[in-house]
Amino acid sequence: MPTEADLVWQYQHIRVFYRPELDGRGSALAASFVDFVRRACDRTYSSAFEWCAGPAFIGFALLAQGLCDRLVVSDINPAAIACVRRTIAANRLEHRVRCYVGDNIAPLPQTARFDLVVGNPPSYFGLNPRHSRYRMYRDDLRPNDPQWRVHQGFYSAIRPHLMADAVLHISEVDPHCTEVFIPRSETEPYDIRPRPPLHEFREMVERAGLHYEGITPYFTGADGAELYIMTSTNPP
């Protein structure tokens with residue numbers, strides 16, 4: 001039996017190694033995410049990048065589904081990338097997958113280029129100190145993006161890494177809402193945003209020179225959180 005340090009999540013023929021504390025719900029939503037990508041376009045991408053990858057559930061599922069030929073992943077947490085390296089070795093993917101540790105997309109080689117970018121980044125602007133889960137998650141890297149600094153860093157720097165026909169599919173939680181209630185029955189909001197984050201994200205996309213395509217609901221969490229994929233493209 002696997003220990004807590006080497007749990008295995010399997011998608012088709014690829015075994016993904018992870019630890020529970022590194023899973024930002026990617027293991028639950030990856031299948032729905034990949035199904036969305038498959039329906040959204042009938043092409044195979046030459047090089048996919050998973051941003052804020054954690055153990056890279058989404059990226060490895062894309063690879064297993066045959067939606068990309070090569071995969072690059074990055075994460076700020078060395079423990080997450082250690083799991084990725086174990087997955088690469090166990091599945092003999094050394095010639096198809098590369099991984100990097102560092103803040104946002106800073107560790108990517110300058111020459112890295114992608115025609116598909118996916119991500120399940122931190123989705124909460126300001127956790128509410130009055131919420132019952134605040135102490136549990138206030139210092140957790142997975143949910144927190146204060147002032148949307150992680151998003152801003154990503155969109156301000158990603159375009160030089162994009163091919164002319166690149167597509168970006170980014171998962172976001174309740175992007176229309178200024179308050180997020182988790183669970184839905186809770187009377188105290190879990191996250192408080194100054195305005196619906198969709199407005200903020202669209203501005204980031206446009207400042208980056210990308211084209212905003214829209215948002216699509218694709219997954220409802222067990223806690224009632226509604227997840228959407230925000231799609232943008234790199235114009236020719």
Side-chain angles (χ1 to χ4, degrees), residues 9-14 16 24-75 93 96-98 105 108 112-123 150-151 154-155 157-177 196-221 225-236:
W9 176 84
Q10 184 146 352
Y11 188 93
Q12 295 188 7
H13 62 282
I14 294 183
V16 178
R25 298 203 298 179
S27 62
L29 60 82
S32 296
F33 194 115
V34 170
D35 188 52
F36 169 87
V37 174
R38 181 180 54 78
R39 295 195 315 269
C41 187
D42 59 2
R43 65 191 278 194
T44 296
Y45 296 93
S46 62
S47 182
F49 169 54
E50 184 177 0
W51 168 51
C52 294
F57 300 106
I58 297 171
F60 283 117
L62 287 168
L63 200 68
Q65 189 70 40
L67 292 172
C68 62
D69 294 326
R70 298 182 306 280
L71 174 67
V72 173
V73 307
S74 72
D75 196 273
L93 293 170
R96 299 184 66 191
V97 183
R98 294 288 182 270
I105 63 170
L108 292 179
R113 298 291 184 274
F114 312 108
D115 53 357
L116 175 64
V117 176
V118 298
N120 175 36
S123 297
V150 175
H151 281 77
F154 169 74
Y155 283 109
I158 190 61
R159 196 174 186 194
H161 294 289
L162 300 178
M163 298 179 191
D165 59 348
V167 179
L168 297 83
H169 294 307
I170 307 300
S171 180
E172 303 292 356
V173 176
D174 286 329
H176 299 100
C177 300
L198 179 59
H199 300 315
E200 309 268 3
F201 300 154
R202 286 195 66 169
E203 289 173 2
M204 294 178 200
V205 165
E206 290 162 5
R207 283 198 300 269
L210 304 175
H211 184 264
Y212 170 77
E213 300 289 346
I215 61 169
T216 306
Y218 80 101
F219 184 83
T220 300
E226 295 289 344
L227 277 68
Y228 291 71
I229 288 179
M230 188 175 86
T231 300
S232 55
T233 55
N234 188 30

Where G209 and P235 come nearest, the two heavy atoms and their spacing: O-CD, 3.4 Å

Close side-chain approach of S47 and F49, heavy atoms under 4.5 Å: no

E172 CD to C177 SG distance, which is reported to the nearest 0.5 Å: 12.5 Å

Heavy-atom check, side chain of F33 versus side chain of S171, under 4.5 Å: yes

Side chain to side chain contact (heavy atoms under 4.5 Å, CB included) against T216, all qualifying residues, sequence neighbours excluded: F36

For F60, ring pair (Phe, Tyr, Trp, His ring centres under 6.0 Å) partners two or more places apart: none

Between OG on residue S123 and NE2 on residue H151, distance to nearest 0.5 Å: 6.0 Å

CG-CG distance between D69 and L116, expressed to the nearest 0.5 angstrom: 11.5 Å

Partners passing ring pair (Phe, Tyr, Trp, His ring centres under 6.0 Å) against H176 (at least two apart in sequence or in another chain): Y228

For Y155, all residues meeting ring pair (Phe, Tyr, Trp, His ring centres under 6.0 Å), sequence neighbours excluded: none

Partner residues of R43 under the salt bridge (Lys or Arg N to Asp or Glu O under 4.0 Å) criterion, sequence neighbours left out: D115, D165

Value rounded to 0.5 Å, distance of CE in M163 from CG in N234: 11.0 Å

Residues which pass salt bridge (Lys or Arg N to Asp or Glu O under 4.0 Å) with D75, listed by chain and number, not counting sequence neighbours: none

Partners passing side chain to side chain contact (heavy atoms under 4.5 Å, CB included) against A112 (at least two apart in sequence or in another chain): P109, F114, H161

Check against side-chain contact (heavy atoms from CB on, under 4.5 Å), I14 and L93: CA-CA 10 Å; I14 294 183; L93 293 170; 4.1 Å; yes

E200: partners by salt bridge (Lys or Arg N to Asp or Glu O under 4.0 Å), with sequence neighbours left out: R195

Those residues that, when tested against Y45, pass ring pair (Phe, Tyr, Trp, His ring centres under 6.0 Å) (two or more places apart): none

Side-chain touch M204/L210, heavy atoms, less than 4.5 angstrom: no

Closest contact, heavy atoms only, V118 versus I170: C-CD1, 4.0 Å

All pairs passing side-chain hydrogen bond (donor to acceptor under 3.5 Å, both in side chains) where residues 51-64 contributes a residue, at least two apart: W51-N104

CG on N120 to CD1 on I229, rounded to 0.5 Å: 9.5 Å

Polar side-chain atom of R96 near backbone of L71 as donor-acceptor pair, under 3.5 Å: no

Heavy-atom side-chain proximity of V37 to I58 below 4.5 angstrom: no

Partner residues of R25 under the side chain to side chain contact (heavy atoms under 4.5 Å, CB included) criterion, sequence neighbours left out: L29, Y124, V173, D223, A225, L227

Contact check, side chains of I215 and F201, non-hydrogen atoms, under 4.5 Å: no

Exam field: side chain E50 to backbone C52, donor-acceptor pair closer than 3.5 Å: no

Residue list, side chain to side chain contact (heavy atoms under 4.5 Å, CB included) with T233, at least two apart or on another chain: V167, H211, E213

Taking every non-hydrogen atom, the tightest pair across W9 and A61: CH2-CB, 4.2 Å

